[in-house]
Amino acid sequence: MATAPLIDNPQHALKQLQQQVMFLNRMVAISRLLNSTVDFNHLLQLIMDTATEILEAEASSILLVDEHTGDLFFVASSGTPQEELSQIKVPMEGSIAGTIVKSGEPLIVGDVSQDSRHYAGVDDSLGSFHTQSILGVPLNLRTHCIGVLEVLNKCNGEPFNQGDVEILLSLASQAAVAIENARLIRSLRDANRRLAELDSLKSNFISIVSHELRTPLMVVLGYAGFLREHSAPSATGEIDMVLKGARQLQSIIDQITNLEYLEHGLGDQERVCFKLQDLIDEVSEQWRPLADGKRQTLRKNFPARPITVCVDRSQIGLALSNLLNNAVTFTPEEGQLEVSIRPHTGMVAVSVVDTGIGIAKEKLERIFDRFYQVEDHLTRHHEGLGVGLSVAKEIVELHGGRIWAESVVGRGSRFTFMLPIRWDDAVADVKREDVR
Ligand code: ADP
């Protein structure tokens, strides 16, 4: 029959058991906190308090290696004033903490007064605190040691023992993970902040590109177009090259603006009242040089009376430009292009019609999706990012309108957008341009 083991000192055994239960409870609390908090100071404080309490020590502290100087500095403590400790640097060479970091092994020093490695600078700075004994364990990460967890002066005057080492090592592994997590989160935040700064720089740059470059480019396009009409036939070839280059630049600016809108949304609209014919003239004249280069005919079909719309001029201009870009691109040489305006009650319809390659019925639904292109990306002949129509759709819908396409393969396509003439007319701060 099995007999129960004899317990010499039941009270001592009970106390030990109680301590173990308390330690396990604290470890559970620390693990939970480690997985759920980003308040790492609070977590380190709990680890420190647990170390002093369970190991019945007067104080505990965490020292980390300063990557730049190689010294050690205090990041958390219990039983000693943290503010004063944070000013103190402990040298790596010749100190107890430095020895632990370099060896990566725990160290018990029963009487620091007998150990030349004890760095008295800490006691000198704290004044009232005197170190007698130290137990220190390394804060080991997978590849290297980042610092030391120390407990000082066992309250009952006994030296620290192997059982204390095991307990402190368990706490040290949690502390090391907490410190590493804090470092990772900090570097992630720094990287995010830097990214946000770069993103804002990029957005500023794009807005400079689209606003500041457009105006001089319009002048180049305008004058080159004028020269082409009035110069001798012998110079037409050269002027066409200028026009084509300028128009390609314009197309790049449009694509950059499209992408910026896709990434950051359309933002606030600047409503202006203006004559729709003027905007359509302006945008179609920008595309005329490329159409001319392909010997395409570009016609305009406008009603005689002026149609005033109150919308965001540059956004509607971009939507129209995206449609014209496609019409020129997907229509072969000598094809026909037409931009027309048809007024309806309270609305106006703008159509861009071409005699190009057309779009199959089953694909018509998808062409307004972001990045959708009818041609396979491996075999396609046309450049483009597949964003122009999706941006045009967003712009038109944001103005309370709608956009659609009709097409017959091999015959051509008609893209139409319908806009309320006075979009959001209730808003009083609409600017008014000179309406001729
Ligand atoms: P992309 O930059 O490719 O032109 P879009 O969003 O403007 O992107 O157009 C999406 C796709 O719809 C195009 O790649 C093309 O396959 C098709 N598409 C658009 N407009 C026309 C058109 N007028 N004629 C034929 N296909 C067109």
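For ligands, and for the atoms within them, numbers begin at 1 and follow the listed sequence. Because the structure is predicted, anything quoted here is derived from the model rather than measured.
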Nearest candidate to atom 1 (P) of ligand 1, where distance is taken over non-hydrogen atoms, out of S251, G386, G412
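Selected option, by shortest heavy-atom distance: G386.
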Minimum non-hydrogen distance to atom 5 (P) of ligand 1, winning option of T329, L389, L364:
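Of the listed residues, L389 has the closest heavy atom.
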Write down the atom of I54, the atom of M22, and the distance for their closest heavy-atom approach.
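So the minimum-distance heavy-atom pair works out to CD1-CE, 3.7 Å.
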Give the minimum heavy-atom separation between T331 and K294, together with the two atoms involved.
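Heavy atoms only, the tightest pair is O-NZ, 2.9 Å.
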NZ/NE/NH1/NH2 to OD/OE distance under 4.0 Å, K300 and E285
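Salt bridge present between K300 and E285.
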E93/K102 salt bridge by N-O under 4.0 Å criterion:
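Yes, K102 and E93 are salt-bridged.
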Walk me through whether E180 and R142 qualify under salt bridge (Lys or Arg N to Asp or Glu O under 4.0 Å).
CA-CA 11 Å; E180 184 60 3; R142 244 176 313 161; over 6 Å; no
Is it the side chain (CB and beyond), the backbone, both or neither of F415 that lies under 4.0 Å from ligand 1, heavy atoms counted?
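The part of F415 near ligand 1 is the side chain, not the backbone.
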So which bit of N325 gets within less than 4.0 Å of ligand 1, heavy atoms only: side chain, backbone, both or neither?
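Within the 4.0 Å criterion, N325 makes no contact with ligand 1.
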[X], any N or O under 3.5 Å of ligand 1 N or O:
X: N322; result: no
X: G388; result: yes
X: S390; result: no

Start with the C-alpha gap between R295 and E333, add the side-chain angles, then the distance that decides, and say whether salt bridge (Lys or Arg N to Asp or Glu O under 4.0 Å) holds.
CA-CA 6 Å; R295 295 188 300 284; E333 298 211 336; 2.7 Å; yes
Check whether the side chains of N325 and T329 place a donor and an acceptor atom closer than 3.5 Å, and report yes or no.
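Looking only at side-chain atoms, T329 and N325 do form a donor-acceptor pair, the distance falling under 3.5 Å.
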Enumerate the atoms of ligand 1 whose separation from the nearest heavy atom of [X] is less than 4.0 angstrom.
X: I359; answer: 18 (N), 21 (C), 25 (C), 26 (N), 27 (C)
X: S413; answer: 24 (N)
X: V387; answer: 6 (O), 8 (O)

